[in-house]
Amino acid sequence: MIRGEYAALAYCTYLNQASLGLIPRTSVEASVRFLTEVAQHGNLRLSDQAEARVLDGLRTAAAELFGAPVASVTVVGGASEGLGQLAALLSSAGGEVVLVASDFPSVTYPWLAARDRLGMRIRWVRDTPDRDLTLALCDAIGERTTVVCVSAVQFATGSQVDVAALVACARDVGARVVVDVTQLAGAAPVTMTQWGVDALVCSGYKWLSAPAGVALLAVTENLAAATPLLVGWKGSATPFDFTPQELSLAADARRFELSTLSYSAAVGLLTSIKLLTGIGLTVISEHASALAGELAEQAAPLGWAPYRAPGDRAASGHIVSLRHPAAAAGQVQAALAGQHQINTSSRDGGIRVSLHAYNTSDDIRALTQALASISPRSG
């Protein structure tokens, strides 16, 4: 769909978006242009007032991307920073959090620390192919549950959560819901307000196709009124007034912003969001889902099957984890890269194929032809 924007595709078949996303040419150019201006001219081109406004456009674009009010969105240095801040606010000695046992560590680590510090209880849920993950999460929620923290799409398996349904289950016991949309935003629509979640976190360098060093955090109004455990000078309502003896935090989510971050990455992220939303997230999602269907059909005669069948309610359309009963995923992944220049990942016993706007049916054919030439080995 937008293949020409991604330079790396000139020499390989790239099916590994969820590990480290390719960056569109226009986004690279915007980032380099900003970095060059600051490097060569410093504050002559970036005054205090300009720096105070540099993230405003990104917040506005992110609010549209997330289906959230602008006041709920702030820019942070990484998803782990946002998740850590939220866990610090929502953890308690008598609390219980529901987590997916195979989720990405940035989602679970803050709660493990809360368990060690405060005695916060953890209830683990397994992501298994024979059970809808949303139902498994809802069944795990009990009267003692205070928080549910989960990735909307699981990085290793592609299992997808029905976030609105999960929120409804959590609300029955008064629990909060924190969702990491790193593996969803940019690949499919995100609707924070419709879902009713308390907070969203998203890295910029994966499906949103931006440079590393910038991420997005969105919180509801009541969380935006809380004092973060960690505060920084950029979280002030007027950061360039420099009032060291007065804590004057912004009235909205900007209070979670800590310090000067990678503005050049933020500029690249803004450019990528505009590119992706200009195409349309629903269009991108439908395109990836169609490719996932082709992949499942072509891989089946070779003995490869997706962790969850395309079209399953609990399956994302853009991350497909292929499994083979006699294959060692790590060896196959290495052979795909070394012998065929096909970039995938080996995750949790499967070959993870990540499909985005730049992929085509040609990529699917190249992958399945390569798989046909690689003899599965037991691992």
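All of these numbers come straight from a predicted model, not from anything done at the bench.
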For [X] versus [Y], what's the shortest heavy-atom pair and its separation?
| X | Y | answer |
| --- | --- | --- |
| Thr157 | Arg323 | CG2-NH2, 3.9 Å |
| Ala315 | Arg308 | CB-CB, 3.7 Å |
| Ile279 | Ile284 | CG2-CG1, 3.9 Å |

Is there a side-chain contact between [X] and [Y] (heavy atoms, below 4.5 Å)?
| X | Y | answer |
| --- | --- | --- |
| Ile319 | Gln154 | no |
| His356 | Leu22 | no |
| Asp180 | Phe104 | no |
| Glu294 | Thr368 | no |
| Ser151 | Val100 | no |
| Leu86 | Pro110 | no |
| Trp111 | Leu90 | yes |
| Val125 | Leu133 | yes |

When clusters are formed by joining ILVMFWY residues with side-chain heavy atoms under 4.5 Å apart, either directly or through shared neighbours, do [X] and [Y] land in the same one?
| X | Y | value |
| --- | --- | --- |
| Leu55 | Leu216 | yes |
| Val38 | Tyr263 | yes |
| Val107 | Leu217 | yes |
| Phe256 | Val177 | no |
| Leu258 | Val73 | no |

At what distance, to the nearest 0.5 angstrom, does [atom1] of [X] lie from [atom2] of [Y]?
| X | Y | atom1 | atom2 | answer |
| --- | --- | --- | --- | --- |
| Leu322 | Leu367 | CG | CG | 6.5 Å |
| Thr134 | Asp132 | OG1 | CG | 4.5 Å |
| Asp362 | Leu291 | CG | CG | 10.0 Å |
| Leu112 | Ile122 | CG | CD1 | 4.5 Å |
| Thr260 | Lys234 | OG1 | NZ | 5.5 Å |
| Arg176 | Leu223 | CZ | CG | 4.5 Å |

Requested in this report: Decide yes or no on salt bridge (Lys or Arg N to Asp or Glu O under 4.0 Å) for Arg171 and Asp198, but give the supporting numbers first.
Outcome: CA-CA 11 Å; Arg171 292 294 183 258; Asp198 296 279; 3.0 Å; yes
Report task. Spell out, as yes or no, whether a donor-acceptor pair under 3.5 Å connects the side chain of Ser27 to the backbone of Ser272. Result ->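 Side chain of Ser27 to backbone of Ser272, a donor-acceptor pair under 3.5 Å: yes, one is there.
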Taking [atom1] in [X] as the centre, count heavy atoms belonging to other residues, nucleotides or ligands within less than 6.0 Å. Is the count above 12?
| X | atom1 | result |
| --- | --- | --- |
| Tyr109 | OH | no |
| Arg313 | CZ | yes |
| Glu221 | CD | no |

Query raised in the report: Under 4.0 Å between a Lys/Arg side-chain N and an Asp/Glu carboxylate O for Asp139 and Arg123?
Result: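 Here Asp139 does not pair with Arg123 in a salt bridge, since their nearest N and O are not under 4.0 Å apart.
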